[in-house]
There are 4 protein chains.
Amino acid sequence: MERENTKPRPSERGGRPAQQREHLARGRETIRKLLDAGMEVFGHDGYRGASIGDIVQRAGISRATFYLYFSNKDDLFRALVLDAVEEMTGLAESLGPVTLTDEGFVELRGWLERYLDLCAQLGPVFHAWTEAFATKAAFGDLGSQTLESFTATLERRLAAMGTPTPHLTAFALLGMLDRFSLYVRYQRVGVGREEMLDGLTRVVQGMLFGPPDGSS
Amino acid sequence: MERENTKPRPSERGGRPAQQREHLARGRETIRKLLDAGMEVFGHDGYRGASIGDIVQRAGISRATFYLYFSNKDDLFRALVLDAVEEMTGLAESLGPVTLTDEGFVELRGWLERYLDLCAQLGPVFHAWTEAFATKAAFGDLGSQTLESFTATLERRLAAMGTPTPHLTAFALLGMLDRFSLYVRYQRVGVGREEMLDGLTRVVQGMLFGPPDGSS
Amino acid sequence: MERENTKPRPSERGGRPAQQREHLARGRETIRKLLDAGMEVFGHDGYRGASIGDIVQRAGISRATFYLYFSNKDDLFRALVLDAVEEMTGLAESLGPVTLTDEGFVELRGWLERYLDLCAQLGPVFHAWTEAFATKAAFGDLGSQTLESFTATLERRLAAMGTPTPHLTAFALLGMLDRFSLYVRYQRVGVGREEMLDGLTRVVQGMLFGPPDGSS
Amino acid sequence: MERENTKPRPSERGGRPAQQREHLARGRETIRKLLDAGMEVFGHDGYRGASIGDIVQRAGISRATFYLYFSNKDDLFRALVLDAVEEMTGLAESLGPVTLTDEGFVELRGWLERYLDLCAQLGPVFHAWTEAFATKAAFGDLGSQTLESFTATLERRLAAMGTPTPHLTAFALLGMLDRFSLYVRYQRVGVGREEMLDGLTRVVQGMLFGPPDGSS
DNA sequence: TATGAATGAGTGTTCATTCAT
DNA sequence: TATGAATGAACACTCATTCAT
């Protein structure tokens, strides 16, 4: 977990939150409460649907206190997304060499499981992020960076294992998993976990290695 | 005594107010303007971000006129989504038998092209729909139905062509394409159209037919 | 999964938002201003005619501040009515034993004077209350309770002094005074105050003790 | 009943409705529908609560047609009130000489019964009228006239039968009955009809003839 | 460090009224 | 005579943000 945001993150607007300053223990505790509450509320209500009122209520602090640590809604959101991105990128890097052997299957299956688990955990933010991504120009950068950093990592891994169009496949894989985790989250798939993971692994193998040779 | 004061405020009546009635040419034209404007604005600003003010301004009509034809934002949104769903389902049904022959490749490639084109056209609504789906309980039904009807159709097609786990694969395919079209829309993929389609077709073939035998 | 999207919009929560909480001096002062302004505006424009805009303008505060202390127009109105009802009920209880002696006349006259004075003061609310009573089902309860509690008190007093049909008489008396105070308020009676009180007292005595024996 | 408004009734505002003109059978029918619908809707929702939309919907005609016959809501309302006032004044005149004999009791009781019945029928308008009376200056005149014409008639009758303060008593009686009819309408009195009329007659006798002589 | 109080700008919605047909 | 269509002005209510304490 380790979500202690002490890195300075300048706010783009006039209002400069106190977040740049060093915080005492009490302040750090408040920041943590806000990040946690933000996670829940953004996940539940989406980016635009989330209101600062809900966030501070869930965090159990006052409205005004929010502005001591974040300059506005965006600022809090960015903090959450950046944390999430970091974890996701780390996961992308952890994808070992996948082969068509049994070991490769197990390796890929394990990675997918970790991926979906992480999505289940960070999913809310990503979901809200998709919304913000398309809506606010300001988040375009954030979105691009995320996407690029993640797909670049994935692409390198895929290229290393001989996937024919690693760039494209990375996008397809990322997109598929991203959306799939959503369906899982809303329990739309209707298949048991183990069965789902087995099937999904096979599907992804197909994506990575292409179909068996046709009669052509 | 019929003295129960329950005169429902129109907004609580839920249904669309006049759209059911017969409309004359002028009225139908206004509805069309509203649907078009709604498409654009929902696509640009998302579900919550879209304001009726923006919609009517883009449609070039007055705020009040909006409520002559739709009972509220939801109502317009539903109309758009239902239209889009219909087209998408039709497309799902148009997926012919895919084989690993050259003809199969061409068939699948053509279908993917039509799919992405339709997404590019309807995409805005779907995008907003994802947001609404997760946010408003009222749209949960709409979302489920859409998803189910679409994946069911796709699943049948896949089963017919021997895909091992058609249910799961339908979800994975739908999710992948859904998200992928988004990347295309925001021009994040960075690959030429033809090249992209070729690669994507191969990836999807892999999803459908599984990887080559792992004896290598 | 706690994923039911039922976040109630504040206006559906019904209750008064903050009025229950402890308020500091400044907040209490604002509430008082709102109650005063509400009294005036409801009295002047009736229940439906009163707009929150008018109320906050007269109170000299901003629109949004209103919602810090009352959840909507109803909420403020209820608060005013409940206060008024309390005072009226207290007055009903203060009606001492009325007899046909001079002391009884004086006692009753004094009570009627206090009653009309209180009506003149609280009248605006009652007037608006009559309107709301007939219009909104939600106020039906409030109306019934008020009426019942008030007439019950009055009925007990009347029964104690030997009035033949105390229940009916209580209603008649209450209705008469209620309406009469309205005429007084709009200066329709056209008789001096003392003269009016003398005459009214005699009329009420007639209501309480019935007409003289009809042997004449 | 006889509610055929063919008397010209000039509208005070700029918009001159066609009501002045002679109407053909079809037009008179439409006017009747509007008056009936107005009666119901004003009675149900009060003056401000009544919307033209509701009225024309209940009348089964179009919004625009309304303005062919009435220049606005007030205009329709006035028409209804004037009709009602006429009937009420007629009733006031029908109050024969009341004495303390049995015949007098029966006479008064019959009159009260007719009064309450008429109130039950016209009551909705009166109720709405009270609201409008206090709210709009424009109705002040209408209110005064009504009140004066009615109380003047009543006062003459009371004076004729020896009531000591006929002016004041007329007001008190009118007010009492007005309000009482409201309680009856909302079934708040909780006493059987015959019993109620007996008691009410006695109470009114008391109002008219004053209390029995005290020991003073 | 924390917060109660206050607000301007906005959003969805309604309604009386007008006009072209 | 009748009406479908359109609208300006108003209203209730919300929310991100600021400030004095």
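Everything quoted here is computed from the prediction, not taken from an experiment. Each chain gets a letter, A, B and so on, in the order its sequence line appears, and its residues count up from 1.
Each of B/S62 and C/I52 was matched to the nucleotide of DNA chain F holding its nearest heavy atom; the match closer to the 5' end belongs to B/S62. If C/R26 and A/F66 are placed on DNA chain F by their nearest nucleotide, the residue sitting closer to the 5' end is A/F66.
Side-chain contact between C/L76 and C/Y69 is absent, with no heavy atoms from C-beta onward closer than 4.5 Å. Side-chain contact between A/L35 and A/F70 is present, with heavy atoms from C-beta onward closer than 4.5 Å.
Here C/Y69 reaches the OP1 or OP2 of E/dA6: one of its side-chain N or O atoms lies under 4.0 Å away. Within the 4.0 Å cut-off from OP1 or OP2 of F/dT1, not a single side-chain nitrogen or oxygen of D/T65 is found. Here C/T30 does not reach the OP1 or OP2 of E/dA5: none of its side-chain N or O atoms lies under 4.0 Å away. Between A/Y67 and F/dT17 there is a side-chain N or O to OP1 or OP2 distance below 4.0 Å.
What separates CZ of A/F70 from C1' of F/dA16 is a distance of 16 Å, to the nearest Å. If you measure from atom OH of B/Y47 to atom C1' of E/dG12, you get 11 Å, rounded to the nearest angstrom. Rounding to whole angstrom units, CG of residue B/L24 and P of F/dT3 are separated by 13 Å. The interatomic distance linking A/I55 (CD1) with F/dA16 (P) rounds to 8 Å, in whole Å. What separates CD1 of D/I61 from P of F/dG4 is a distance of 11 Å, to the nearest Å. The nearest whole Å value for the distance from the CG atom in C/L68 to the P atom in E/dT3 is 16 Å. In this entry the distance linking CG of B/L76 with C1' of E/dT13 reads 15 Å, nearest Å. For B/K73 and E/dT11, the NZ to P distance is 9 Å, given to the nearest whole Å.
Evaluation of atom-type donor-acceptor distances gives a pair under 3.5 Å for the side chain of A/R63 against the base of F/dT17.
Rounding to the nearest 0.5 Å gives a distance of 9.5 Å between CZ of A/R78 and CG of A/N72.
Pair assignment for E/dT21 gives F/dA2, based on Watson-Crick or G-U wobble hydrogen-bonding distances that are each under 3.5 Å.
Using a 4.0 Å cut-off between charged side-chain N and carboxylate O, A/R32 and A/D36 make a salt bridge.
Using a 4.0 Å heavy-atom cutoff across all strands shown, B/A50 reaches sugar-phosphate atoms only and no base atom.
Comparing F/dT14, E/dG4, E/dT14 against the side chain of B/A64 picks out E/dT14 as the nearest.
Ring-plane geometry between A/Y47 and A/F77 is classed as tilted, the angle between the planes lying from 30 to 60 degrees on a 0 to 90 degree scale.
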